[in-house]
A.B. asks: 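Quick one: this structure, given as structure tokens, is what I'll be asking you about.
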Amino acid sequence: MALYALRRLLGMILVMLTVSLLVFALVEATPGTVAMRVLGPYASEEQRQLWLAANGYLEPAWSRYLHWLGRFATGDFGASIRYRAPVADVLWPRLGNTAVLALWTLVVLVPVSLVLGVLAGVREGSPLDRLLSTAAIITTSIPEFASAVLLSAIFVFKLQLLPGTSAMTDGFDWRQLVLPVAVLVLYDVGYVARMTRISVAEVIAAPYVRAARLRGLSWPRVIIFHALRNALITPITVLAVQVNWLLSGVIVVEVFFAYKGFGSLLWEAALNQDIFVIQACAMVAVVVTVATQVAADLAHAALDPRLRAPAPADR
Amino acid sequence: MTDPRLSRPSRPWAARGLHPAVHELAAALRAGAISRRTFIAAASRLGVAAPVAAAIAGVWRRAAAAEPAVPPPSPAAGGTLRCSMNVKEVSDPAIFDWSEKANVVRHMVEPLVRIDAANIARPWLAERWQASDDLKTWTFFLRRDVVWSNGDAFVAEDVAFNVRRWLDPQTGSSNLSRFAALTTSVATGKTTADGKPVTSTSLAAGAIEIIDDHTVRFHLTRPDVSLPESFADYPALIVHRRFSEEGGDLTKNPVGTGPFRLAEFVVGEKAVLVRRQDRPWWGGSPRLDRIVYLDHGDDAGAQLAALASGQVDCNFRSSIEQIDTISRIPGLKLYQTTTASCGVARMRVTEKPFDALAVRRAIQAAIDHDEAQRLVFRGYGAPGEDHHVAPLHPEYAPLPKRRRDLERARQQLSDAGYRNGIRLVIDCVASPPWEANVCKVFAEMLKPAGIELAINVLPGATYWDRWQSTPFGFTAWAHRPLGIQVLNLAYRSNAGWNETGYANPAFDALLDEASGIIDPGKRRPVMDKLQRTLQDDAIIVQSTWRPTFMAAHERVHGLVMHPAEEHHFEGVWLAAS
């Protein structure tokens, strides 16, 4: 197990180094852009050149890459052009905000989707299963930007029940969290529920479940103590991937509701060519992606002994 | 409390020290040759306080009502005005490039001159100014009752420090172009990659003279009729004389002369301004306790949602697409004004195929300006005439209306050697959407003339990287009070913001002549020639004068929409909800 984890960690570092090179190459290719961002569109060429020289932008790219990587490894992501502050000062609070959004989404998403998935899965083909499956397909096929508009139109503009934006500028306000969480849950719940349903249905049909039932155990007992342990392996892997989606894939929802999270930070940085922020965001997104992947693999291995068993000897 | 600017005793218009041209202007006004509005604008540029000019024109009351500096009777005191607007980085006014930035700090640091909502230059930190007959020497007399929030008196050295700093190329301020008449260019001895000599532009020696603590004189290298307007533009907010020594960051060291103090600032999130407590503001007492700007990102829909659910009281800007929605939301009020801001489809004359005059003329001839105005702005605003001088400008010369002429367009294209038509690409920004909409309308209008126009929609930042170099681009230009200002900035040979690469010595000479005439009536014949030259040389297609919109709740009073979208909230108050 330890060797398995180590192998995954080394792979993760290699992926990150490759991505760092790509990110740097993509963003730093045009030094004129940086001066333009800092000095604004109307600065003269003379003013731009002076700024570039003063800020080390005329150094060769490889030297800037090594410097950047060295600083990055020690937690210094450089200074944001747009915010005129260290990137770390901006990035961590934003990441924290997105984590809050992700957490509340998971708090709603996990129980709802698992319960619905299990209910549908244990009685495959029942009217309840059909109803849940149809609803799941509908909600999953509505993209976030459409459901955000729909929910806003109803709850903000028509009924005037909820605040229209979620900037949380005066501190945490649960009412501002309702719509973004609702949109995210609506989009994802169908997918996770369906994955759970398939997995549960598969396990229910397995011979060992029938054997348990034939021994006279009650249905709830069979499902809770025998079927679910195996049936939940797939949903847990799926949920681990959702964490990654919730951290870097929620740009649409954050921008729509003006939520000050990681996604909207990346979006604004890209619009404003805030180079160091883009670099840091990209790296963080990669860390999150790879780390959740590794965590999912490890969890999967912990739940399923077959995965961590040594390779079978020659027969 | 009465606004001291208005309670100041009116000086008789024939008093000593008045610019001689004021007499001529007054005569022109009496004869009906110029409008009262034109008179006030021109006289205030000559150093006559706007209320005095208005009194001369016999419209004192009407002018004062144009922008009530004093709140209307029995307004409520106190409260917080919340405005949805991008909260951008505001550490240094000298390098501001967006009006949103200035809106935050204008309530704390102030300009020498302010353009009011009627497009008239009014004295602000400078109580008056005087120009020499040749318009090359300008003397600004500063208010004596202005005190910085750190207790220092506001003096001439503050102004001199700011101007010196703006005109140092190291600062990176756009004021370097705006105050070009105060600068000289010297050769650096270096050359660019394509062999052109590199020059360095900075403050001319002896350009600033401090007469006494409250009088500062500027010696210009060429006449500049728009110096007061330049002092009113958003990067010309005056910071304290020790601004650089004390860190050069307004957000960390909020020292100002204005009625509010920046108490909290998080870029991209919010800016909180609190009414100044240390001593009364020179301009009286504002009604609001606090002004809070909240950033709802770049999605216009989010601003509207914040308004609809009462999270804010007003917004910075609404798009034309939103005005129907706004009118349907109970309790919201729409504000609208026509501006001298516009979008210019400008052709870079040094790049193929736009180096051919016939190609440029073909493009112009195929455009129907009235129709473009109707399609994009639903009839709000005004149609343009391809010369970037607005009917709102006091010196605007009416020219024969431009008509779409497809036959002429095809002929011109054929003359240029494109008998089978031509394919072009125009760069424009993705947001605000009206800019791409104008390009789409152009593309449709150009088709019958044999011109296929592809639209390359870019994020704002990407566009601004190439706005001066792209062969064909659609650039938004901000409102400026005088037509001559825009022409000097954008169409003079080698001007800092000359995006077309246009270089016409005859045009430059006319521009010099116009820039030396203070009377808009006398300037108009020269403007006529300038406008015609720009039309004939066909370097831009300028179809629309942009209307601007904003929305506010009905409880907000004293709000006046400014043509340059400047916020002057010291006169705003909130009715009890």
Side-chain angles (χ1 to χ4, degrees), chain A residues 30 32-33 35-51 54 80-85 90 93-94 148-149 152-153 155-158 160-170 175-176 179 252 254-260 264-265 267-274, chain B residues 82 84 88-89 91-92 95-98 169-174 176-177 188 192 198-201 235 249 251 266-270 292 294-299 301-312 325 328-330 430-431 459-465 467-468 475 489 496-497:
Chain A
T30 50
T33 325
M36 184 80 78
R37 288 275 57 74
V38 178
L39 300 179
Y42 304 120
S44 71
E45 189 53 37
E46 182 196 356
Q47 290 167 328
R48 265 176 238 138
Q49 287 302 322
L50 283 169
W51 187 91
S80 157
I81 293 159
R82 176 172 151 94
Y83 295 87
R84 306 231 172 171
V90 185
R94 290 294 197 103
V149 170
S152 255
F155 293 102
V156 179
F157 287 88
K158 190 79 190 163
Q160 306 210 332
L161 278 178
L162 290 167
T165 58
S166 312
M168 308 257 182
T169 35
D170 290 322
R175 295 178 70 239
Q176 296 188 19
L179 285 179
V252 172
E254 291 194 353
V255 169
F256 186 91
F257 291 107
Y259 188 81
K260 301 293 171 188
S264 57
L265 177 71
W267 156 263
E268 285 159 16
L271 278 185
N272 294 281
Q273 297 192 6
D274 196 346
Chain B
R82 299 158 305 163
S84 177
K88 296 172 186 265
E89 199 282 322
S91 59
D92 182 0
I95 56 170
F96 280 1
D97 46 5
W98 296 95
Q170 294 278 3
T171 306
S173 174
S174 61
L176 198 54
S177 319
T188 57
T192 59
V198 176
T199 57
S200 176
T201 304
D249 187 341
T251 62
V266 186
V267 71
E269 290 184 26
K270 66 171 164 182
V292 178
L294 297 172
D295 190 324
H296 291 110
D298 291 331
D299 184 17
Q303 282 196 9
L304 196 57
L307 265 171
S309 55
Q311 290 179 302
V312 292
T325 314
R328 280 201 293 268
I329 298 174
S431 175
T462 313
Y463 181 75
W464 292 114
D465 267 348
W467 77 287
Q468 288 192 313
T475 305
L489 272 175
W497 295 2

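Because only heavy atoms are used, hydrogens play no part in the values below, and waters and symmetry mates are left out as well, while side chains stay in. Labels below follow one simple rule: chain letters A, B, ... track the order of the sequence lines, proteins then strands, and each chain is numbered from 1.
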A.B. asks: Identify which part of A:Arg94 has an atom lying under 4.5 Å from any heavy atom of chain B, answering side chain, backbone, both or neither.
C.D. replies: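 When you check distances to chain B, only side chain atoms of A:Arg94 fall under 4.5 Å.
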A.B. asks: If you look at every heavy atom in A:Pro163 and B:Gln311, which pair is closest and at what distance?
C.D. replies: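 Looking at all heavy atoms of both residues, the shortest contact is CB-NE2, 3.2 Å.
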A.B. asks: Excluding sequence neighbours, so at least two apart, what forms side chain to side chain contact (heavy atoms under 4.5 Å, CB included) with A:Thr169?
C.D. replies: A:Ala167, B:Lys270, B:Leu294
A.B. asks: Is it the side chain or the backbone of A:Leu161 that comes within 4.5 Å of chain B heavy atoms, both, or neither?
C.D. replies: neither
A.B. asks: Does the B:Glu269 side chain pair with the main chain of A:Lys260, one donor and one acceptor, at a distance under 3.5 Å?
C.D. replies: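 Side chain of B:Glu269 to backbone of A:Lys260: no pair is present.
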A.B. asks: Checking heavy atoms, do the side chain of B:Ser91, its backbone, both or neither come under 4.5 Å from chain A?
C.D. replies: side chain
A.B. asks: Please report the shortest heavy-atom distance between B:Ala302 and A:Val255, naming the atom on each side.
C.D. replies: CB-O, 4.4 Å
A.B. asks: Kindly compute the distance separating CZ (A:Phe256) from NE2 (B:His296), expressed to the nearest 0.5 Å.
C.D. replies: 12.5 Å
A.B. asks: Can you tell me how far the CG atom of B:Asp299 sits from the OG atom of A:Ser264, to the nearest 0.5 Å?
C.D. replies: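 Going from the CG atom of B:Asp299 to the OG atom of A:Ser264 covers 11.5 Å.
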A.B. asks: By side-chain hydrogen bond (donor to acceptor under 3.5 Å, both in side chains), which residues pair with A:Ser166, not counting sequence neighbours?
C.D. replies: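 Once residues adjacent in sequence are excluded, A:Ser166 has no partner under the side-chain hydrogen bond (donor to acceptor under 3.5 Å, both in side chains) criterion.
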A.B. asks: What part of B:Asp249 is in contact with chain A, defined as an atom under 4.5 angstrom from a non-hydrogen atom: side chain, backbone, both or neither?
C.D. replies: neither
A.B. asks: For A:Gln176, is it the side chain, the backbone, both, or neither that has a heavy atom closer than 4.5 Å to a heavy atom of chain B?
C.D. replies: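 It is the side chain, since no backbone atom gets that close.
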A.B. asks: Counting heavy-atom pairs under 4.5 Å with chain A, which one of B:Ala430, B:Ser309, B:Gly301, B:Gly310 comes out on top?
C.D. replies: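 The candidate making the most pairs under 4.5 Å is B:Ser309.
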A.B. asks: Identify which part of A:Phe157 has an atom lying under 4.5 Å from any heavy atom of chain B, answering side chain, backbone, both or neither.
C.D. replies: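 The side chain, not the backbone.
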A.B. asks: Quick check on the interface: out of B:Asp295, B:Leu307, B:Val266, who has the most heavy-atom pairs with chain A under 4.5 Å?
C.D. replies: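 Top count of heavy-atom pairs under 4.5 Å with chain A: B:Asp295.
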